[in-house]
Amino acid sequence: MTLRLYDTSARQIRDFTPLAPGRVSIYLCGATVQAAPHIGHIRSGLNFDIMRRWFTHRGYDVTFVRNVTDIDDKIIAKSAEQGRPWWAIGYANERAFDDAYTALGCLPPTYEPRATGHIPEMVGMMRELIDRGHAYAADGNVYFDVRSFPGYLSLSNQDLDDLRQPSGEGETGKRDPRDFAMWKAARPGEPSWETPWGPGRPGWHLECSAMAHKYLGRAFDIHGGGVDLVFPHHENEIAQSRAYGDDFAAYWLHNAWVTMSGEKMSKSLGNSVLVSEMVRQWRPIVLRYYLGTPHYRSTIEYSEDALRDAEAAFGRIEGFVQRAVERAGSVEPAAEVPDEFAAAMDDDFGVPQALAVVHTTVRQGNAALAEDDKDAVAGALADVRAMLGVLGLDPLDAHWAGGDSAGRGEELASVVDALVGLVLEQRQAARARKDYATADAIRDQLQRSGLVIEDTPSGPRWELGSRDAR
């Protein structure tokens with residue numbers, strides 16, 4: 001089946017044909033590092049991580065660029081508010097984003113350029129756009145003349161006559177209020193860099209055009225980001241890059257929001273849920289399941305009930321994997337995923353439909369366990385691991401099996417297993433002497449501690465229960 005993607009620019013699903021056979025190039029708008037990330041921020045990186053994994057599984061060589069916006073109005077405002085250097089705020093929050101991506105199992109990008117590291121490229125692009133008549137300098141600012149580019153607003157499908165372009169403080173000298181700033185003149189106390197038009201700093205949009213050109217060339221396959229970036233950010237990127245002479249992105253993919261009470265999760269609304277806090281309450285692999293398994297174009301309405309449902313659903317998958325390993329031993333992921341899973345992923349990354357195949361295979365594997373069919377168990381486990389690997393959810397993968405952030409998870413698991421084993425031996429001894437009251441009391445106490453005890457033909461086994469059980 002041909003891989004098909006929903007292209008925002010075409011407003012329809014299109015067959016995917018890479019510009020270079022066997023290679024896929026992706027540019028994803030990454031973090032603006034004025035604050036630590038909430039789960040809404042991380043959803044985009046996680047969705048595109050799954051896409052990247054699927055392209056890789058399909059045999060493509062993927063170049064994945066995700067930028068860091070480390071200077072903008074919000075960071076400067078935070079600097080003034082907190083009395084800290086802008087670069088200190090940016091770096092601390094960049095590290096927080098890296099920690100969040102890593103905690104949720106996102107692969108590192110091929111390149112992760114910072115805006116402030118690419119000022120020369122931005123100056124060169126502005127010079128060319130001015131020479132071509134698409135930009136002009138005024139009062140130390142440099143603006144893009146939107147009327148000079150006939151295709152402007154084709155991505156967001158707006159009418160230029162009705163446009164209200166967002167503008168920031170100090171944006172003086174515009175010929176038309178709809179023109180947007182590529183470069184902002186320096187103001188007292190703010191960071192600045194020298195240019196032929198005076199000292200200043202980048203506008204929000206120019207950095208991505210310059211960095212995409214540097215790392216991916218004049219044309220690349222996919223540009224991604226949150227749906228809130230369609231306008232003005234991505235619209236303005238297109239204008240700059242194509243007016244400069246680049247073909248730019250062949251496909252545009254946008255993920256939907258995470259909302260609370262119907263509103264986009266954001267710092268300004270005060271309804272954000274920080275990843276650093278969430279991973280203290282929920283296992284990171286459960287958070288990945290929760291954020292990564294809805295379709296990337298579907299809005300996620302945040303609630304603890306939904307997280308508990310995700311925890312229980314993933315627990316059923318994880319429980320099968322654990323039992324299958326106990327029965328069949330170490331089984332490597334299958335080289336290929338089931339056809340139904342592949343068809344779902346090829347259809348605009350249909351993760352919900354792909355996940356349904358995972359759960360069906362888990363049920364078949366559980367039936368094989370009940371029948372003590374070792375070969376069938378091993379086959380189901382291989383398929384499940386292959387599918388979970390694409391989704392970044394294989395509990396046996398080194399990232400998750402490695403344990404806690406201090407790297408001592410395996411040691412801790414071993415200690416807990418030994419302690420629980422001692423208690424289970426006491427329970428077995430009570431059952432052997434027909435002291436069922438004591439045996440049941442031990443079981444109940446373990447369950448109150450968050451452990452689920454299952455009596456099997458090979459002896460009792462334990463696993464962590466759902467949050468409801470704890």
Side-chain angles (χ1 to χ4, degrees), residues 1-30 44-68 106-113 117-118 121-122 124-125 128 151 154-155 205-225 229-230 233-235 237-255 296-297 335-337 341-351 354 386 389-392:
M1 180 176 177
T2 301
L3 204 156
R4 293 164 58 79
L5 314 175
Y6 183 85
D7 181 4
T8 305
S9 62
R11 285 174 281 282
Q12 63 181 1
I13 290 181
R14 298 171 55 200
D15 289 350
F16 175 71
T17 303
L19 296 174
R23 302 178 68 87
V24 175
S25 47
I26 303 172
Y27 186 95
L28 174 64
C29 284
S44 181
L46 204 160
N47 285 154
F48 281 86
D49 180 69
I50 292 172
M51 295 179 195
R52 174 192 184 178
R53 288 170 183 264
W54 181 241
F55 279 124
T56 300
H57 182 84
R58 277 301 200 196
Y60 289 102
D61 180 9
V62 181
T63 301
F64 181 63
V65 180
R66 185 182 67 212
N67 75 296
V68 175
C106 294
L107 300 172
T110 311
Y111 308 111
E112 192 168 26
H118 297 79
E121 290 84 355
M122 297 183 212
M125 183 170 277
E128 180 69 18
S154 61
L155 181 69
H205 319 295
L206 181 62
E207 60 180 270
C208 287
S209 289
M211 289 188 284
H213 177 88
K214 177 170 183 175
Y215 293 96
L216 297 175
R218 291 194 173 274
F220 57 95
D221 292 305
I222 295 171
H223 196 312
L229 299 182
V230 172
H233 187 47
H234 289 168
E235 196 74 76
E237 282 186 60
I238 292 172
Q240 294 165 160
S241 295
R242 292 189 175 161
Y244 179 71
D246 288 356
D247 290 334
F248 210 47
Y251 299 83
W252 287 84
L253 274 63
H254 292 92
N255 63 277
Y296 75 94
R297 289 191 287 117
E336 297 296 332
V337 296
F341 182 95
M345 292 299 292
D346 278 343
D347 186 12
D348 193 31
F349 305 106
V351 173
V390 168
L391 303 177

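Partners of E336 under the side chain to side chain donor-acceptor pair (under 3.5 Å) rule, at least two apart in sequence or in another chain, do not exist in this structure. Checked against side chain to side chain contact (heavy atoms under 4.5 Å, CB included), E121 has the following partners two or more places apart in sequence or in another chain: H118, A210, K214. With sequence neighbours excluded, the residues satisfying side chain to side chain contact (heavy atoms under 4.5 Å, CB included) with D49 are R53, C106, L107, R288. By the side chain to side chain donor-acceptor pair (under 3.5 Å) test, E235 pairs with S156, sequence neighbours left out.
Separating the CG atom in D348 from the CZ atom in R14 is a distance of 12.5 Å, to the nearest 0.5 Å. Note that NE2 of H205 and NE2 of H233 are 7.0 Å apart. Values are rounded to the nearest 0.5 Å. To the nearest 0.5 Å, atoms CE (M125) and CE (M211) are separated by 10.5 Å. To the nearest 0.5 Å, atoms OH (Y111) and CG (L216) are separated by 9.0 Å. If you take CG on L229 and OG on S44, they are separated by 7.5 Å, rounding to the nearest 0.5 Å. Interatomic distance, CG of D15 versus CG of D7, reported as 12.0 Å (0.5 Å rounding).
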Derivation of the side chain to side chain contact (heavy atoms under 4.5 Å, CB included) call for V390 and F341: CA-CA 10 Å; V390 168; F341 182 95; 4.1 Å; yes

Full working for side chain to side chain contact (heavy atoms under 4.5 Å, CB included) between L5 and M51: CA-CA 11 Å; L5 314 175; M51 295 179 195; over 6 Å; no

Could you pull out all donor-acceptor pairs under 3.5 Å where a side-chain atom in residues 17-29 meets a protein atom, sequence neighbours excluded?
residue : atom : partner : partner atom : Å
R23     : NH1  : D61     : OD2          : 3.0
S25     : OG   : D221    : N            : 2.9
S25     : OG   : D221    : OD2          : 3.2

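Between the side chain of N67 and the backbone N or O of G30 there is at least one donor-acceptor pair closer than 3.5 Å. With T110 contributing its side chain and V65 its backbone, the two residues share no donor-acceptor pair below 3.5 Å. Side-chain N or O atoms of R11 include one that pairs as donor or acceptor with a backbone N or O of L155 at under 3.5 Å.
Inter-residue side-chain proximity for T8 and H234 is flagged as unmet; no heavy-atom pair is nearer than 4.5 Å. Contact of the F48 side chain with the L253 side chain is registered, since non-hydrogen atoms from C-beta on lie closer than 4.5 Å. Looking at heavy atoms from C-beta onward, F349 lies out of side-chain contact with I50 at the 4.5 angstrom threshold. The shortest distance between side-chain heavy atoms of N47 and V351 does not fall below 4.5 Å.
For the salt bridge (Lys or Arg N to Asp or Glu O under 4.0 Å) condition, the pairs that include at least one residue of residues 240-252, sequence neighbours left out, are R218-D246.
The aromatic rings of H213 and Y244 sit perpendicular to each other, their planes meeting at more than 60°, with 30° as the lower class boundary. The aromatic rings of H57 and W54 sit parallel to each other, their planes meeting at less than 30°, with 60° as the upper class boundary.
A distance below 6.0 Å separates the ring centres of F16 and F55.
For the ring pair (Phe, Tyr, Trp, His ring centres under 6.0 Å) test with H223, the passing option among W252, Y251, F64 is W252; the others fail.
Of all non-hydrogen atoms in A212 and F248, the two that sit nearest each other are CB-CE1, 3.9 Å. Listed here is the closest heavy atom pair of A342 and R58: CB-NH2, 3.7 Å.
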